[in-house]
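These figures come from a predicted structure and were not determined experimentally. Numbers restart at 1 for each chain; the letters A, B, ... are given by sequence-line order, proteins then strands. Hydrogens, waters and symmetry mates play no part in the numbers below; they use all other heavy atoms, side chains included.
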There are 2 protein chains.
Amino acid sequence: MINSRLAVAIHILSLISMDEKTSSEIIADSVNTNPVVVRRMISLLKKADILTSRAGVPGASLKKDPANISLLEVYRAVQKQEELFAVHENPNPKCPVGKKIQNALDETFESVQRAMENELASKSLKDVMNHLF
Amino acid sequence: MINSRLAVAIHILSLISMDEKTSSEIIADSVNTNPVVVRRMISLLKKADILTSRAGVPGASLKKDPANISLLEVYRAVQKQEELFAVHENPNPKCPVGKKIQNALDETFESVQRAMENELASKSLKDVMNHLF
DNA sequence: TCAAATGTAACTATTATAGTTACAACGGTG
DNA sequence: CACCGTTGTAACTATAATAGTTACATTTGA
């Protein structure tokens with residue numbers, strides 16, 4: 001299972017899109033987490049050019065319309081790991097299977113990851129928010 | 001990132017399909033892990049009706065041709081969690097967003113997961129093994 | 001009958017993730 | 001223009017998932 005960061009990021013972005021003055025404390029209260037966790041997430045979303053925020057000023061502002069923020073860009077903003085599936089480290093190169101398994105899996109997993117990412121790309125923050133009301 | 005179980009399971013199944021007498025110790029040596037980890041995985045694959053094995057008898061036997069073993073069934077065999085994405089626990093029900101976010105995300109994440117699973121379903125163990133030679 | 005293997009429980013180790021504490025820096029408001 | 005509330009971030013701790021290990025009862029083929 002993939003971590004809950006995409007879920008939390010979407011929650012944060014939804015609140016901000018409704019009220020750009022929502023502080024990290026209020027957001028944390030809605031998400032049920034710590035304000036620092038929210039601020040860290042906002043920092044990642046900022047690096048990804050999804051929103052802006054300034055020290056000392058409560059809240060944050062989306063840089064784009066929710067309809068133009070795809071879940072894929074949010075996902076990539078908050079996800080360290082590029083790869084969807086982990087592979088096992090150091091398979092035995094003396095075994096013909098161990099020697100080539102990582103390459104074989106890379107090719108296979110890539111298309112699966114692409115399928116998932118295409119679906120994420122097809123959905124926007126607005127699409128999710130439409131389910132909120 | 002999803003754990004390495006699918007990768008390890010495919011590695012194990014590849015070795016078994018090439019030689020059904022391969023012991024958990026030899027498999028572990030190729031994967032670079034502990035024989036018990038391999039036996040646990042084999043136990044899961046057995047429960048999923050993908051292979052058979054017997055106490056005291058080295059190796060295991062596939063119950064189907066590699067071309068008829070989809071990566072989705074392997075994935076489901078070794079993966080405890082049904083859900084692809086985690087959601088954050090106990091969002092605040094007093095907040096209109098917190099109250100409905102999980103439902104909204106469930107609907108959204110479901111189609112993404114389905115896209116990934118469809119791609120896994122379209123690939124067989126044999127497809128992966130074709131990359132090994 | 002016995003050496004070698006599996007099956008599994010119980011424990012430990014490792015790592016990713018999330019949560020927390022602390023505090024410097026910033027800025028709008030009175 | 002000082003102050004209070006806020007952000008930004010570092011550093012640390014806690015938690016949980018995963019993998020690795022030890023130990024041993026059970027099975028079986030030679």
Side-chain angles (χ1 to χ4, degrees), chain A residues 1-9 11-12 15-16 19-48 51-61 75 77-91, chain B residues 1-9 11-12 15-16 19-48 51-61 75 77-91:
Chain A
M1 184 152 69
I2 297 172
N3 58 46
S4 66
R5 286 186 194 177
L6 178 57
V8 172
H11 191 151
I12 292 170
L15 289 168
I16 288 173
D19 179 2
E20 303 208 327
K21 294 193 177 52
T22 317
S23 70
S24 62
E25 179 142 5
I26 290 175
I27 294 173
D29 188 56
S30 174
V31 173
N32 181 37
T33 185
N34 191 290
V36 174
V37 172
V38 172
R39 297 205 282 269
R40 276 201 291 241
M41 206 71 112
I42 286 176
S43 168
L44 290 173
L45 294 167
K46 199 172 175 174
K47 277 184 195 128
L51 51 70
T52 59
S53 68
R54 289 164 60 215
V57 183
S61 304
Y75 176 76
V78 299
Q79 217 62 40
K80 280 271 158 68
Q81 285 304 137
E82 283 263 314
E83 284 76 26
L84 178 57
F85 294 101
V87 294
H88 196 277
E89 300 288 288
N90 307 318
Chain B
M1 184 152 68
I2 298 172
N3 59 45
S4 65
R5 286 185 193 178
L6 178 58
V8 173
H11 192 151
I12 291 171
L15 288 168
I16 288 173
D19 179 2
E20 302 207 328
K21 294 195 177 52
T22 317
S23 71
S24 62
E25 178 143 3
I26 290 174
I27 294 173
D29 188 56
S30 173
V31 174
N32 181 35
T33 184
N34 191 291
V36 174
V37 172
V38 172
R39 297 204 282 269
R40 276 203 291 243
M41 208 69 114
I42 285 176
S43 169
L44 291 173
L45 294 167
K46 199 170 172 174
K47 276 185 194 127
L51 51 69
T52 59
S53 67
R54 291 161 58 214
V57 184
S61 304
Y75 175 76
V78 299
Q79 217 63 38
K80 279 273 157 66
Q81 285 302 135
E82 283 263 314
E83 285 74 28
L84 178 57
F85 293 101
V87 294
H88 196 276
E89 301 287 289
N90 309 315

What pair of heavy atoms forms the shortest contact from A/Asn3 to A/Gln79, and how long is it? ND2-NE2, 2.9 Å
Under-4.0 Å side-chain N/O to phosphate OP1/OP2 contact, B/Thr33 with D/dA19: no
Phosphate contact (D/dG5 OP1 or OP2) by A/Ser23 side-chain N/O below 4.0 Å: no
Less than 3.5 Å between a donor and an acceptor, one on the side chain of B/Arg40 and one on the base of D/dG20, is that the case here? yes
Expressed in angstrom and rounded to an integer, what is the separation of B/Ile27 atom CD1 from C/dA5 atom P? 12 Å
For DNA chain C, which residues in residues 1-8 of chain A have a heavy atom at a distance below 4.0 Å? A/Asn3, A/Ser4, A/Arg5
Rounding to a whole Å, what distance do you find between A/Leu44:CG and D/dT9:P? 10 Å
Hey, does the side chain of A/Ser24 come within less than 4.0 Å of D/dT7's phosphate (OP1/OP2), counting only N and O? yes
Grab the CG-P distance between A/Asp29 and D/dT6 for me, whole Å please. 13 Å
Short side-chain N/O contact to D/dG20 OP1/OP2 from A/His88, under 4.0 Å: yes
Under 4.0 Å from OP1 or OP2 of C/dG7: is there any side-chain N or O of B/Ser43 that close? no
A/Lys80 NZ to C/dA18 P, in whole Å, measures 11 Å
Can you check the B/Arg39 CZ to D/dT26 P distance for me, whole Å? 16 Å
B/Ile26: what forms a side-chain contact (heavy atoms from CB on, under 4.5 Å) with it, not counting sequence neighbours? B/Thr22, B/Ser23
Which is more 5' along DNA chain D, the nucleotide nearest B/Gln79 or the one nearest B/Val57? Just name the residue. B/Gln79
Assign B/Lys46 to base, sugar-phosphate, or nothing according to its heavy-atom contacts below 4.0 angstrom with the strands shown. sugar-phosphate
Under 4.0 Å between a side-chain N/O of B/Arg54 and OP1 or OP2 of D/dT26, yes or no? no
